[in-house]
Protein chains: 2
Amino acid sequence: MIPTLDVACADVASRSERANEILRVASRLFFEKDYNSVGIRTIANSAGVRGATLYHHFRSKEEMLYRIILEVTRDYIRDHLPILDAPSSFAQRLKELVRQHVEYFWAHRYGMSVGLRELHNLTPEHLAEVQFYRLVYQRRIQEFIAAGAHFGEFSCFDPDLVGIALLDMMNGVNDWFKPAGRLHIAEIAQLYGELVLRTVGTR
Amino acid sequence: MIPTLDVACADVASRSERANEILRVASRLFFEKDYNSVGIRTIANSAGVRGATLYHHFRSKEEMLYRIILEVTRDYIRDHLPILDAPSSFAQRLKELVRQHVEYFWAHRYGMSVGLRELHNLTPEHLAEVQFYRLVYQRRIQEFIAAGAHFGEFSCFDPDLVGIALLDMMNGVNDWFKPAGRLHIAEIAQLYGELVLRTVGTR
DNA sequence: GTCTATAGGGGGATAGAC
DNA sequence: GTCTATCCCCCTATAGAC
């Protein structure tokens, strides 16, 4: 069954507080090492329980990864893609999306980075579901860029390629950003918005 | 001891053909799964030997990863950074670097992608050495962009940020490029060159 | 230089008591 | 819902024969 963005997303609410705590702990551990370097016992200890307890809340370790990645990916898209439908110029809307993308990805970096790096550790079915959401986001951005070019606000030679390039730029920030650096994450988000406008050829 | 780019790089030549074959096999396996998902026995079997044989050629599994990442990183930089010293315009030189970066990274995708993804599985000492080379490349690009802006060919508001954004764009290609797609890698490399010139604000 | 055999530990997951 | 105990498998790495 193909999922849609309209589906109600009550996963977090319908789960026990313990289960949510386990996922919070796990996503942080997966972020700091990687999925295959973090054992069941490590996750359990960090959550203050024994290994066997995890299997009361989740079917497998992979299901934890799946929940982490699915929810962070789906929720981000559901809450942020509507920016592109706002009643302002193409440039304003794109710049705002970039700004929010960079800021949100950093604020939710444990789940978001895991969702970028560990996709290959999902089962084929789970991977397909996550990729569906990712593709919705990517295609919408590409269409938006193409539309902006069509209406003369952008001058893009290849909207699909530009869209993917922008995504890689934005997604990369979490890998190098350090809070102690020269710029605050909000400043980087702002500057990336301006950079993206150059890239799409704003007039 | 701080390594330099001037050091002679005879690693591959000084190693037995068997050892090089093991590294070729290992980098491909690390690329397809990930470092921690590929066991010693899998590497050995794929190379046509038993697990214990690997320890005649390398001290540890991590040393294999280190050799793969170090050599591919160092050799790329040594061979391609001189492009920026060519006697042409800033725009021409930058575009050519981008083109070669994208093409080379795809051609050497096993080692290159492993070198981007698996850095955290290196020992602190090995990581520091690899990061030295990566930083040489990044800083040179940032300086080059700043110089291009200084001499009026580019109009960059923040050369350091732009440099890192370009690197993320270029490094991302291997993660989504499919040879069966609409564009050949050489076309993408070409288009990325033009895209980058927009990003740095070529007049 | 490659092998067999194995050490020593940790992996994910389950059974069944409480 | 959490625990203890445990299963079976695979991990990296080493010893020592050939």
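Convention: sequence-line order gives letters A, B, ...; per-chain numbering from 1.
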Test: B:Asp85 and B:Arg140 ion pair at under 4.0 Å
yes
Once you round it to whole Å, what is the distance between C1' of D:dG1 and CD1 of A:Ile22?
10 Å
Given C:dG1, C:dT4, D:dC3, which nucleotide is nearest the side-chain atoms of B:Ser16?
C:dG1
How would you summarise protein contacts on nucleotides 6-18 of chain D per nucleotide, using B for base, S for sugar-phosphate only and - for none, with heavy-atom distances below 4.0 Å?
-----BBBBB---
Whether A:Arg18 contacts D:dG1 is assessed here as follows: a side-chain N or O lying under 4.0 Å from the phosphate OP1 or OP2. Is that the case?
no
Nearest to side-chain heavy atoms of A:Thr53, which nucleotide of C:dT4, C:dT2, D:dC3:
D:dC3
Can you check whether A:Glu118's main-chain N or O pairs, donor with acceptor, with A:Asp34's side chain at less than 3.5 Å?
no
Between P on C:dG10 and NZ on A:Lys33, what's the gap in Å once rounded to a whole number?
12 Å
Atom CE of A:Met64 to atom C1' of C:dG11: distance rounded to whole Å?
13 Å
Is it the case that the side chain of B:Asn174 and the backbone of B:Phe105 share a donor-acceptor pair, with hydrogens and angles ignored and the cut-off at 3.5 Å?
yes
For the pair made of NE2 in A:His56 and C1' in D:dG1, what is the distance, rounded to whole Å?
5 Å
Ring-plane angle category for B:Trp106 and B:Phe177, please: parallel below 30°, perpendicular beyond 60°, tilted otherwise.
perpendicular
Check: B:His108 ring centroid to B:Tyr76 ring centroid under 6.0 Å:
no
Mind telling me whether A:Phe90 and A:Phe144 have parallel, tilted or perpendicular rings, with 30° and 60° as the class edges?
tilted
Let me know the distance between CD1 of A:Ile43 and C1' of C:dG10, rounded to the nearest Å.
14 Å
In whole Å, what is the span from the NE2 atom of A:His57 to the C1' atom of C:dA13?
16 Å
Would you check, one step at a time, whether the test salt bridge (charged side-chain N to carboxylate O under 4.0 Å, His left out) holds for A:Glu63 with A:Arg67?
CA-CA 6 Å; A:Glu63 199 197 332; A:Arg67 291 291 162 201; 3.7 Å; yes
Atom CG of A:Leu54 and atom C1' of D:dC3: how far apart are they, to the nearest Å?
13 Å
What is the distance from CG of B:Asn45 to C1' of C:dT4, rounded to the nearest Å?
14 Å
